[in-house]
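The next block holds one structure in the form of structure tokens; read it before the comments.
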Amino acid sequence: MAQFKKTMKEIMQMAWQFVKRNGYSMSEALKVAWANFKLKMAMKSRIVRFYFLKVDGSTREAFGTLAEGMIPAIAGTDTRKPNDTIQTYYDTEKAAWRCFKRANLLRIA
């Protein structure tokens with residue numbers, strides 16, 4: 001039950017962020033928030049194909065993962081402030097870390 005509450009809190013916070021910052025309706029915001037949550041969970045176990053809108057307006061197809069065994073070891077310390085509006089992932093085609101705006105996620109294939 002505690003995991004369910006934590007999950008719902010994360011999704012609702014993300015949805016409200018989309019409403020406030022991006023002008024989404026609550027319905028649109030919840031759809032995008034759930035898609036982001038499902039993408040993050042899927043990337044923790046495998047390589048996922050997904051699409052998002054780039055800043056220049058074009059659509060990008062990406063193959064990314066967050067699975068422990070598929071990403072290189074991270075060396076050093078990161079002193080940057082965490083940004084909750086972006087999703088980072090390891091791009092398996094480019095073999096590099098990439099990110100996209102969570103509000104711009106189009107679909108998971």
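Note that these values count all heavy atoms, side chains included, but never hydrogens, waters or copies made by symmetry.
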Expected output: side-chain [X] to main-chain [Y] donor-acceptor under 3.5 Å:
{"X": "Asp91", "Y": "Arg98", "answer": "no"}
{"X": "Tyr24", "Y": "Ala103", "answer": "yes"}
{"X": "Thr59", "Y": "Leu53", "answer": "no"}

Original post:
Quick one: are Met70 and Ile47 in side-chain contact, heavy atoms under 4.5 Å?
Top reply: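 A side-chain contact under 4.5 Å exists here.
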Might you point out which heavy atoms bring [X] and [Y] nearest each other, and give the distance in Å?
{"X": "Ser45", "Y": "Ala67", "result": "C-CB, 4.1 Å"}
{"X": "Val19", "Y": "Ala29", "result": "CG2-CB, 3.7 Å"}
{"X": "Ala33", "Y": "Ala15", "result": "CB-N, 3.9 Å"}
{"X": "Arg21", "Y": "Asp84", "result": "NH1-OD1, 3.7 Å"}

Euclidean distance, [Y] [atom2] relative to [X] [atom1], rounded to 0.5 Å:
{"X": "Gln87", "Y": "Thr85", "atom1": "CD", "atom2": "OG1", "value": "11.0 Å"}
{"X": "Glu28", "Y": "Asn22", "atom1": "CD", "atom2": "CG", "value": "10.0 Å"}
{"X": "Lys44", "Y": "Leu39", "atom1": "NZ", "atom2": "CG", "value": "11.5 Å"}
{"X": "Asn83", "Y": "Thr88", "atom1": "CG", "atom2": "OG1", "value": "10.0 Å"}

If Ile, Leu, Val, Met, Phe, Trp and Tyr residues are connected whenever their side-chain heavy atoms lie under 4.5 Å apart, and connections chain through other members, are [X] and [Y] in the same group?
{"X": "Trp34", "Y": "Ile108", "value": "no"}
{"X": "Phe18", "Y": "Leu105", "value": "no"}
{"X": "Ile86", "Y": "Ile71", "value": "no"}
{"X": "Val32", "Y": "Phe50", "value": "no"}
{"X": "Met43", "Y": "Ile74", "value": "yes"}

Give the table of side-chain donor-acceptor pairs shorter than 3.5 Å for residues 7-14, with sequence neighbours excluded, one pair per line with atom names and distance.
| residue | atom | partner | partner atom | Å |
| --- | --- | --- | --- | --- |
| Thr7 | OG1 | Gln3 | O | 2.9 |
| Glu10 | OE2 | Lys40 | NZ | 3.0 |

Original post:
According to the interplanar angle, ranging from 0 to 90°, do the rings of Phe52 and Phe100 count as parallel (below 30°), tilted (30 to 60°) or perpendicular (above 60°)?
Top reply: parallel
**OP:** Scan residues 46-57 for pairs that pass side-chain hydrogen bond (donor to acceptor under 3.5 Å, both in side chains), counting only residues two or more places apart or in two chains.
**Re:** Arg49-Tyr51, Arg49-Glu61, Tyr51-Glu61, Asp56-Ser58
**OP:** Could you list the residues that satisfy ring pair (Phe, Tyr, Trp, His ring centres under 6.0 Å) with Trp16, not counting sequence neighbours?
**Re:** none
